[in-house]
Every structure is written in structure tokens, then in C-alpha cells.
Amino acid sequence: MDFEEYKKNNEIELRAVEEKLMEPASTRATLEGYTLYRIKKEIVETLLGEFGNKNEVESAIQLELPPGHVSFDLAFSVFKLGNVVGEKNLKTLVNRVVDILNKDTSSSRQPAEAIGPFVNFKIKDDVLIQSVLGNIKTLGLRYGESDGDEGSGGSSGKVALVEYSSTNIAKPIGVGHMRSTIIGQALANLFEATGFKTVIRHNYLGDWGTQFGKLAYAYELWGNEAMLEKDALRNLKDLYVRFHEEEEKDPALEEKGREYAKRLEDGDQELLELWAHFRRISIGGFKKTFDRLGVHFDTYLGESYFGASEGKDHLVELCLKEGIAQVDSETGAVVVEGLKGGEGKELPTFILRKKDGTTLYLSRDLAALKTRLELWHPDFALIVVGKEQELHFRQLFALAKKLGILQANTMAKHIDFGTVLADGKKMSTRKGSLVELEGLLEESVEKAKSILKKKNPELSDAMLKENAEVIGVGAIIYNDLRQSRERNISFDWERMLNFETGSAAYLQYTAVRIGSILEKVEKGDIYVEKLEPIERSLLIKLSFFPKVVIQASTQFAPHLLSTYLEELAQLFNSFYGLISVKDTKDHNHRRMRIQMISSVRTVIENGLRILNIRVPKKM
Ligand code: ARG
């Protein structure tokens, strides 16, 4: 096999992306249909006569939850409205707004009241019930999705390239790549739920570079077929580690390693063959783990595809021609000096091509960015990688802008995240190597199994296995997504598998519990009732779900969704502590409650699905 052939073989993946891009946009629930937006629209329309134009008023009003001690459903500040109409005295303004709103008695609202600069109001009980529960009943699994048009400039019709996971071949997946995989998957799901036309899920494989030449040589020295049959990724990694250790002692080995690396880069057929074999085995191994996580990619085209082979020098030459890069007179390497980054600050000097002509992570990245932008025209190009690569991406994007590869119509962004810690230090095994994702999944599932066994001794073995997998995997995913991604994470198994709070298990348990409550009552319909305060709170909370999904999407912050789901589960649990659905005397009220808790379950499940977490059948 030569490089041409390798590229041809992989073109099928390119076509898969192209086909995805050509698929017509699927229709999504419109934001306008959702309770919160209907209420807001009413308010905007009532105020229009008096204040500014539609767009101004619309963007000036943000419905939010009033603080806990205020017994209203919703509130909004008139602060921005003040700017629109040029009214500085907020007291005068808020009273004027309340007066206007209260004249409209046919609205969905009960009379509004001013508290400070806030307009506060309740929704009429029947509207609240019909609208919120009606939305959820009609949309079911799709409740929460939207055409994502609020304020954000709109995502509808847009293409997002989400590059995540980007695992390195010939070694097991470590915790850093775990985070990228989990966060990227949640973001891609969020984009899909909020109106992007196409979301390209790209695992930009780390499959090229000096180390693979060295690995090929190490394999020639110490390797054999058998080590590729079982535990291939670990064996290959050990092989590389061994080479790395021995080359430090033996300069001849180092020399040979470099020679092989160069030969591979130059397209030596035999080495390519072996490398392609490692690559295939690696993807096979990765896919098994990704399946457990429920993660699927549109393409695995990696550094080798975009950044190596015949085109590899083109961009470097261009940089030289444009005077952006120079040949270092001492070493012969190509370097970029004095390039200005985003804020006009000078970036540290970096190398674009090694002295022996081989490519670098950065030059391959530049080529990959160029090709993808040209082929797929994404509106968003997001790369999910740890914080430690921040400088790399500042350099990459600055260079791409300077060359005109990256233009204003694409928003390219490094989506970073913190590290994984154990006892306050970077997590590693006793031998000092990085902890592997597979091992963590195993550990989590085992722990989930023993908890389940205790809680539910009569579960059959098959059920136990299935549910422990869902709970154990969910615990790992949620541990990553429950707090802002910039923060470091650690593995506190107690909390991760606590059924009572702060975990996926808690949310899963709430959904399962509602399921078993529902089994014992007759299915209800929506009836008008006088609501208890806790019921109002629950319904209002349910109405916020689509908005939270949008916020999590536009802010690249899946944890906003986690926080919301925990709050919803808490509200449900308080409700359930106060009120027995089954024993509700009033027939209509009972039916409403049944419908309501069933809606809570739907929303928890929909939210977890976006985070890529499943719900077990039994817990
Ligand atoms: N494989 C790389 C690593 O493990 C991450 C790739 C991130 N994406 C990129 N376009 N550089 O460090």
C-alpha cells in the first residue's frame, strides 16, 4: 500500500460526511410553541403599543424565575426596557409596565406586581397546566428540542463541526480523551437539539507523527502477531514505552527510530502497511469503548489523512512565501516568529517543519483545518481538547487567520476543559502511567452492581448486568458534565453513585421511581385545578427545560443542563414527600398530578439523553 491508496480507501468516510451535509434539515419543534415563549410573546405584544419596536422590546425582556422567597411564577427586569424608551427612573417605569399589563385581563397572566425593578406575576392555573403539560404530552421524546432562534442569532440551518475525542492510535484511551469524548458528545447532542442543520461528529485521530515510525521499529525488534490479538492497545503502548526507555540509553536506537519515522513520513510501503494495521486495530478497540458510552462518529479521518503525504509541504511553503515563516539559519527548521494572536499580543515562536522535513502536530492541524473548512463549510468549528493545549490553538487560529484560511464566517473555537485529579494530583496508576477509561468504566460498573445487589436482591443476573452497566457508565459521564467543564474533575465514587443526590444515579433513580409510581395509578389526562405552590413550582420548572437546553448549547456548557435536572428532581422529590398522588381524593386533581409526574420523568429522560446517559429499567 502506498499513501495514495491509503487515502483512496478512506475517501468513503469523506463521502459519508458529504452525504450527511446534503440531507434536508429535519423539522424541529419551534420555540414559539413553548409556554415560556408564548407568555413572553403576549407580554411583548401588549407592551408594543407603548414601547419601542418589536425587536427592541423582545430582547429587552428576559423571563426568569423570581428568587425563592417571592411567591410568583415568573419575573422580568425593566432595566433594559428603560434603555429602549429612555426612562431612567425604574420605579416609574416598572409601575407603568405593571399598569399596562394588568389592563389586559384576557391574558394568560394573573395580575402582575412590581418588586423593585422587577415585574412579577403568576400564570393562570388552567393555562399553566394546559400549556406546560400539553407541550410535553404532544412532543414527548422531543420536548426540549427547538429551532433555537432566540436572540443567539439563530442556529437553524447552520453546520457545526464538532471535533472531539481525537484519541491517539496504538494506546488505550486515557482520562483526557475520556473528557473530550464525553463533553464533545454532549455538545454535539445539544447542537442537534437546538436547530443546527448538520452536526459533524469528527474523531480527528492522532495517527501520525514520529512516534509511529519508532513504534514500527520497536515492533520489528520485539513485537509479534500474538500481541495484536489480545489487549493490542496496551501491548503496543508498552512496546512504545519500552522503546522510549531504551533509546535514552542507546543513541543507536534513537538514530534508527528517527530513520524509521522519516521513512514512514516519506511513504515507505512496508512501514505504511504495518502502521495502517495498527491504525485499524486501534479504531476497532476504540469503537468498543465508544459503544459502551453510546458515542458514534461520522468520521475518524485523522492527522495522517489531512496533514501528511504529498500535500504536506504546501502550506509551509505558502507561509514561507508570504513571509510569515522563515527557515532558521542554524537548524534548517521552518519557524514562525512574532505572529500576533487574537488580542494583538505576540505569540511565542514556534516550529512549523522539522529540520529533517517531517511534519508537526501544528502543521498537520493547519492542513486539517483548511481542508475541513473548504469541504464542509461549517459555521462553527469546535475542537474539544484539554486546557493544556491552549497555546497551540492560539497559534493555529492566528496562523489560519493570517493565511486567510479562517475567515469571519466561521467561528472556530478551542473548547477546553480541566484535568482529572486524584488526591489533588494528576491522575495516574501506581506505575505512573495514565489511568485508562476502560478500567474506570469497569470499576464503576462493578461498584454499581454491588450497590444494586444490596438494594434489590431479587434482580435477575441479566437485569443486574444490564442495569449496572447503565448506571456505572452514566456515573462516569455525569461526573464529567455536572460542573463547568473548565474545572478539574476527580473520582469520588461515593458521590458518583449516590442515589440520593448529585449524581446520574439520582436522576436515573428519580425517573425509575416515577415509573413505578405510574404503574400503580390509572393514566390521566389534563384537568383544570387549583394548584398547590409546589405544583406551580414544578410546572414552571418544567416549562424552563427548552430554554435551558438552548442556554447549555449557546454557552457550550452542558453542566447547565445537569444543574437544571438536579433541581427538577429535587422539586419532584419535595412534591412527592408532601403529596400522595395515589391518595389524591379529587379525581381530576389526581389525574393532573399523574400527568405532571409523568412529564417530570419525560423531561429527566430527555435531559439525560442529551447528556448521553441512559435510564435503567430497575434500580
Ligand atoms: N490527538 C490529540 C492529542 O491527543 C488531540 C487532537 C486535538 N485536535 C486537534 N485538532 N489538534 O493531544
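In each ligand, atom 1 is the first atom listed, and ligand 1 is the first ligand listed. Small disclaimer: the values here were computed from a predicted structure and weren't measured.
Near Y204, with a cut-off below 4.0 Å to any heavy atom, the atoms of ligand 1 are 8 (N), 9 (C), 10 (N). Atoms of ligand 1 found under 4.0 Å from any heavy atom of N168, numbered from 1 in the order shown, are 1 (N), 2 (C), 3 (C), 4 (O). Residue-ligand proximity, I383 to ligand 1, at heavy-atom distances under 4.0 Å covers atoms 8 (N), 9 (C), 10 (N). Here is the list of ligand 1 atoms found below 4.0 Å of a heavy atom in H177: 3 (C), 4 (O).
What sits closest to atom 10 (N) of ligand 1 on the protein, heavy atoms only, is D365 OD1, 2.7 Å. Summary of contacts: the protein heavy atom closest to atom 8 (N) of ligand 1 is E163 OE2, 2.7 Å. Closest to atom 6 (C) of ligand 1 among all protein heavy atoms lies Y361 OH, 3.2 Å. Protein heavy atom at the shortest distance from atom 12 (O) of ligand 1 is Q389 NE2, 2.8 Å.
We find that R28 and D147 are not joined by a salt bridge, their nearest charged nitrogen and carboxylate oxygen being 4.0 Å or further apart. E322 has no carboxylate O lying under 4.0 Å from a charged side-chain N of K402, or vice versa, which leaves the two without a salt bridge.
No more than 12 heavy-atom neighbours from other residues, nucleotides or ligands sit within 6.0 angstrom of CD on E390. K287 NZ: 12 or fewer foreign heavy atoms inside a 6.0 Å radius.
Between R201 and N189, the side chains place a donor N or O and an acceptor N or O closer than 3.5 Å (distance only, hydrogens not considered).
Because its NZ or CZ atom is both nearer than 6.0 Å to the ring centre of Y305 and within 45° of the ring axis, K7 counts as a cation-pi partner of that residue.
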